[in-house]
Each structure stands twice: as structure tokens, then as C-alpha cells.
Amino acid sequence: MSEKHPVIAVTGSSGAGTTTVKNAFEHIFFRENINPVVVEGDSYHRYNRKEMKEAIAKFAEEGKNLSHFGPEANHFDTLAETFKSYGDTGACRRRYYLHSEEEAAEHNQRLGIDLGPGEFTPWEEIKPGTDLLFYEGLHGGAADGEIDVSTFTDLLIGVVPIVNLEWIQKIFRDNDQRGYSAEAIVDTILRRMDDYVHYITPQFSRTDINFQRVPTVDTSNPFIARDIPTPDESLVVIRFRDPKKFGVDFPYLLSMINNSFMSRRNTIVVPGGKMGLAMEIILAPIMHSIIEKSRSLRSMA
């Protein structure tokens with residue numbers, strides 16, 4: 001952690017809603033005139049797309065599973081070092097994982113390289129001069145042995161639907177956008193399960209704030225669901241690990257978000273359609289306080 005060079009991390013599995021919180025932060029960054037260095041979680045995978053397929057097959061031959069959720073397929077140590085380096089100095093290294101032809105073309109032109117989707121760009125040095133580091137990905141609060149990424153964050157946000165909803169979203173995305181069969185998707189879920197239990201879910205006990213989407217329709221059997229529950233068919237449970245740490249004003253939040261209510265002393269529940277609004281109302285004053293303190297400390301240095 002570093003009050004002078006803050007590290008903000010949003011952690012959650014793919015399809016969990018991390019894009020919604022990322023958009024909320026982008027709006028806050030614009031209003032507060034914050035210049036962030038953005039770090040993508042996928043860039044800390046150990047293997048590129050081709051290597052990952054080969055590694056999965058090799059692990060399977062040895063009777064073991066490999067997934068993007070676990071330490072064998074990621075550089076937790078490098079991610080921790082990135083957070084620590086930025087917190088200490090305001091500088092770090094960054095690279096990109098190229099998801100598409102469009103991303104590849106953009107970075108190839110920028111760097112004068114020739115890479116395709118599924119590959120990593122070279123590591124680049126990010127020099128001091130930015131206001132904060134913003135991470136969004138799978139492992140913002142990951143821990144393995146002596147490595148605990150969460151210890152280097154100033155604000156750690158968890159975004160997670162209940163597991164049946166997460167599976168429904170994955171099934172629809174992988175089938176509709178990637179053309180995977182239902183059987184292949186279920187195999188992937190099962191292959192990832194051990195890593196999910198040991199490396200994904202424990203993060204949400206380390207987060208400062210969790211946003212958990214809970215459907216209000218029947219998702220008992222996610223493998224036969226015909227559609228994804230809409231935001232209006234959901235509630236969002238927002239849990240603060242320590243409300244005093246960020247001076248959370250619950251009466252104010254209840255007055256600003258219609259039909260919200262308190263379920264526990266540190267938990268507020270809001271309608272699913274109000275998730276983005278709730279994020280901005282909650283996170284804006286926290287970010288204002290963090291950035292004002294960091295700017296003050298840097299000006300005194």
C-alpha cells in the first residue's frame with residue numbers, strides 16, 4: 001500500500017460485471033481529472049493462447065488440471081511486484097495480452113511489431129507521472145504461499161455474481177460468441193473448479209468492498225437456462241469489510257438509491273438496474289479522498 005502512489009484493483013472472474021465497475025471508475029477518473037496507468041489482468045498469464053492449449057494437454061496427460069484461475073498459469077509474483085513497484089515509486093512495467101485482431105493492429109502500429117491475437121506485447125516501462133495504478137482482472141487479491149497481491153492495494157473491489165449466475169453467463173458467452181458446445185463449456189467449468197475454490201473465491205474475503213449480483217428468478221439449474229437474468233431481475237448485495245475505513249455514510253446511500261435497504265450493519269442491497277449508479281455514488285467520494293491525499297503527499301516530497 002502507498003498513499004502517495006495508490007493502487008486500485010478490481011477483481012472478479014470473466015463475465016462477473018467487472019466492466020460495469022471499470023466504467024464507473026472511468027467516469028470518476030474523468031470528473032476528478034485523474035491520470036491512471038491501466039493494468040490488465042490477462043497480461044499476467046504465464047502462457048499465450050497457443051502455449052496454454054499445449055500446457056493444458058500436457059497437464060491432462062499427467063492427470064492434472066490447468067486453468068487461468070490458478071498459479072500454474074499465472075505470474076502472481078510479477079503482479080505483486082508490479083503493485084509494489086508502483087506503490088513505492090510510481091513506476092512499473094506493463095504489457096498487453098492481445099485478445100483480437102483490432103487490439104493486435106493497434107499495438108503493432110504503436111510499437112512497430114508484428115503480433116497476432118493470443119500473444120503478449122513486450123514489457124514496457126511506465127515512468128512516474130501518473131496519479132494511480134488501476135488493475136482489472138482475475139487476481140487483484142490473489143494469494144499463493146508467501147505471495148499476497150492484496151497487501152499492495154489501497155482499494156480492492158470484488159465483483160462477483162452468485163455462482164449459478166456466473167455459470168449461466170459463461171455458458172451463454174462461450175456458446176454464442178465463441179461457438180463452444182455445451183459439453184465443452186461444462187468440461188471447462190469442471191477443470192477450473194479446484195482453482196476457482198482455492199484462488200478466486202478467497203479473494204472476496206480480502207476485498208474492501210464487494211458487489212455481488214443475485215438474481216431474483218430461478219437459476220437452480222444453470223445448464224438448462226434459456227436466458228441470462230436481466231439487471232431488473234436481480235439485486236446487488238454490497239458489502240463493506242470496514243465501513244469506517246472509508247467513512248461510508250449509509251443513510252446518505254439509502255436516500256440516494258431508490259428501493260435500497262440495509263441487510264446487515266455493513267451491507268446495503270440495491271436493485272440490479274442501479275448497480276452502475278450505486279458504484280459511482282459509493283466510489284466517487286472514496287476516490288476523491290484517496291487522490292487528494294496522494295497529490296498532497298507528492299507535492300510535499
(message) Please determine whether side-chain contact (heavy atoms from CB on, under 4.5 Å) holds for the pair K64 and D194, giving the CA-CA distance in whole Å, both sets of side-chain angles, and the decisive distance to 0.1 Å.
(response) CA-CA 11 Å; K64 297 184 293 184; D194 188 70; over 6 Å; no
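- Residues meeting the side-chain hydrogen bond (donor to acceptor under 3.5 Å, both in side chains) test with S67, sequence neighbours left out: D195.
- Atom CD of E146 has 12 or fewer neighbouring heavy atoms from other residues, nucleotides or ligands inside a 6.0 Å radius.
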(request) Decide yes or no on ring-ring contact (aromatic ring centres under 6.0 Å, His included) for F134 and F25, but give the supporting numbers first. (result) CA-CA 9 Å; F134 179 77; F25 270 108; 5.0 Å; yes
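- Y47 and H45 have their aromatic ring centers separated by at least 6.0 angstrom.
- The hydrophobic clustering, which links ILVMFWY residues whose side-chain heavy atoms are closer than 4.5 Å, places L277 and F29 together.
- For S296 (side chain) and K293 (main-chain N/O), no donor-acceptor pair under 3.5 Å exists by modelled atom type.
- Across all non-hydrogen atoms, the minimal contact from T89 to P128 is O-CG, 3.9 Å.
- Two rings, from H139 and F76, have their centers less than 6.0 Å apart.
- Under a 3.5 Å cut-off, the side chain of R239 and the backbone N or O of N210 do not form any donor-acceptor pair.
- For the pairing with R31, the side-chain hydrogen bond (donor to acceptor under 3.5 Å, both in side chains) check across E26, E280, H288 returns one residue only, E280.
- Judged by distance alone, with hydrogens and angles left aside, the side-chain atoms of R94 form no donor-acceptor pair with the main-chain N or O of E124 at under 3.5 Å.
- The aromatic ring centroids of Y135 and F152 lie 6.0 Å or more from each other.
- Using modelled atom types, one side-chain atom of N48 and one backbone atom of E51 make a donor-acceptor pair closer than 3.5 Å.
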Just list the side-chain donor-acceptor pairs under 3.5 Å for residues 78-85, sequence neighbours left out, or say none.
unit_1 : atom_1 : unit_2 : atom_2 : d
T82    : OG1    : Y44    : OH     : 2.9
T82    : OG1    : T78    : O      : 2.9
K84    : NZ     : D88    : OD2    : 2.8
S85    : OG     : A91    : O      : 2.8

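- Listed here is the closest heavy atom pair of D154 and P6: OD1-CA, 3.3 Å.
- Side chains of E106 and Y96: no donor on one and acceptor on the other come within 3.5 Å.
- For the 3.5 Å distance criterion, the side chains of S220 and D218 qualify, holding a donor opposite an acceptor.
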